[in-house]
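Here's the structure, in structure tokens; my notes come after.
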Protein chains: 2
Amino acid sequence: MNIGDVASVSGLPAKTIRYYEDIGLVSPLRSANGYRTFRESDVHKLAFLGRARALGFTIENCRNLLKLYADTDRASAEVKQIAEEHLQQIDHKIGELTEMRATLAHLVDACAGDHRPNCPILADLAMARQG
Amino acid sequence: MNIGDVASVSGLPAKTIRYYEDIGLVSPLRSANGYRTFRESDVHKLAFLGRARALGFTIENCRNLLKLYADTDRASAEVKQIAEEHLQQIDHKIGELTEMRATLAHLVDACAGDHRPNCPILADLAMARQG
DNA sequence: ATAGGGGTTCCATCTGCTGGAAGGTCAATA
DNA sequence: TATTGACCTTCCAGCAGATGGAACCCCTAT
């Protein structure tokens, strides 16, 4: 399989697949003309990567998950730990965003949004909030 | 005021303040020895930036907000629009993260997390989810 | 032969900083 | 006066995770 086919099968852009090879996540063969040749196992790995990335795992997480996946003797505890840590980070981010959202929604609400210059959003940004 | 003082007053690292000068967000004066000299207005701007960034506004957003802030004839509608767009993006991100969280939490739940190799998390990553 | 649709490499760019090296400046102290 | 130490300066590199583009090769069909 050439990179274009793999791209459409896996849903990952060709550029991304090359990048993943660059950083050692996947190692396709090369045919005589220099084209990358992907085995089933490579395609499989890339699909794995696509899903892990879609769940927000970092590249380093992915590297470890792939390693654990390849090791049929792994303890599921190791995988679970990675996932749990990631889950915590997601929760953390959601928390931050939710706080931002609340403040911002409050300000947007307070702003008339008309032709007049008076604007509570700018007023808030310009000086420390009191409450 | 020298950069260190501004850093402690504004809460922004000196590095960040220099960076903000680099990209034209703030333009402190220079004293004879080459040190940056920040006026009250610069400090004010930096505090503004700090708060806008804390609300997740991009640098480009900040640039525009500062411009609007400086323009006492602005229409609050312009500010509100920037804020509303940003709010939508925050909502979008929260949505994505919440979906990720749900999937991941489900998987983490399903994984025994013991010494045995069997792992639903890896199983899921390895093949398309069915539902 | 030529046009097109693949593929290849390499380098630059994006966001928003952050770290570090190499060096200048200033106030206080030994 | 010399020197320490805390400042400050510039510049260059790097982080994640790609993505865009230039310049070029390859292969098939017309």
Side-chain angles (χ1 to χ4, degrees), chain A residues 1-38 42-43 45-46 48-66 85-86 89-90 92-93 96-97 100, chain B residues 1-38 42-43 45-46 48-66 85-86 89-90 92-93 96-97 100:
Chain A
M1 259 179 141
N2 283 349
I3 200 167
D5 310 314
V6 179
S8 41
V9 166
S10 69
L12 296 171
K15 276 271 184 192
T16 301
I17 297 173
R18 290 196 195 96
Y19 172 67
Y20 286 174
E21 182 187 14
D22 250 34
I23 62 174
L25 286 179
V26 72
S27 301
L29 305 172
R30 294 291 178 138
S31 53
N33 60 13
Y35 286 19
R36 288 170 182 81
T37 295
F38 295 82
D42 296 317
V43 177
K45 249 189 200 180
L46 286 167
F48 184 106
L49 284 168
R51 281 188 285 268
R53 293 286 300 128
L55 284 178
F57 284 106
T58 65
I59 292 287
E60 278 323 291
N61 280 155
C62 290
R63 208 185 287 282
N64 291 325
L65 289 171
L66 274 178
E85 274 168 24
H86 180 42
Q89 281 172 12
I90 289 179
H92 184 69
K93 259 188 208 164
E96 282 179 346
L97 286 172
M100 280 183 196
Chain B
M1 256 179 146
N2 281 350
I3 200 166
D5 310 312
V6 179
S8 42
V9 167
S10 70
L12 295 171
K15 276 270 184 194
T16 300
I17 297 173
R18 289 195 196 96
Y19 172 68
Y20 286 173
E21 183 188 13
D22 250 33
I23 63 175
L25 287 179
V26 73
S27 301
L29 304 172
R30 295 291 178 138
S31 54
N33 59 13
Y35 287 18
R36 290 171 182 81
T37 296
F38 294 81
D42 296 317
V43 177
K45 250 190 196 179
L46 287 166
F48 184 106
L49 285 168
R51 281 188 285 267
R53 294 284 304 129
L55 284 178
F57 285 105
T58 64
I59 291 288
E60 280 322 294
N61 280 157
C62 291
R63 208 185 288 281
N64 290 324
L65 289 171
L66 274 179
E85 274 168 23
H86 180 42
Q89 282 172 12
I90 289 179
H92 184 70
K93 256 190 208 161
E96 281 179 348
L97 286 172
M100 280 184 195

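Numbers restart at 1 for each chain; the letters A, B, ... are given by sequence-line order, proteins then strands.
Heavy-atom distances to DNA chain D give each of A:Y19 and A:Y35 a nearest nucleotide, and the one nearer the 5′ end belongs to A:Y19. Position along DNA chain C of the nearest nucleotide to B:A32 versus B:P13 favours B:P13 as the more 5'-ward residue.
For the helix from C:dA1-D:dT30 to C:dA30-D:dT1, the end axes, each set by the C1' atoms of five terminal pairs, are bent relative to each other by 40° (nearest 10°).
Residue B:F57 is classed as having no contact, given no heavy-atom separation below 4.0 Å to the nucleic acid. In this structure, B:I23 reaches neither bases nor backbone, as no heavy-atom distance under 4.0 Å exists between it and the strands shown.
A sub-4.0 Å separation between OP1 or OP2 of D:dA16 and a side-chain N or O of A:R63 is absent. Between B:R18 and D:dT9 there is a side-chain polar atom (N or O) within less than 4.0 angstrom of OP1 or OP2.
Side-chain atoms of A:N64 do not come within 3.5 Å of backbone N or O of A:N61 as any donor-acceptor pair.
For B:R30, counting side-chain heavy atoms from C-beta on, the closest listed nucleotide (D:dA18, D:dT9, D:dC26) is D:dT9. Among the nucleotides D:dC7, D:dT19, D:dT10, the one closest to any side-chain atom of B:R36 is D:dT10.
Rounding to the nearest 0.5 Å gives a distance of 5.5 Å between OH of A:Y19 and CD1 of A:I59. Atom CG of A:L46 and atom CG of A:L25 lie 8.5 Å apart (nearest 0.5 Å). Between B:H86 atom NE2 and B:T58 atom OG1 the span is 8.0 Å, to the nearest 0.5 Å.
Annotation: side chain of A:R36 is not in contact with side chain of A:L29 (no heavy-atom distance under 4.5 Å).
The two atoms that bring A:I23 and A:R63 nearest to each other are O-NH1, 2.9 Å, heavy atoms only.
Chain B approaches DNA chain C within less than 4.0 angstrom (heavy atoms of the protein), and the contacting nucleotides run 5' to 3' from C:dG16 to C:dC26.
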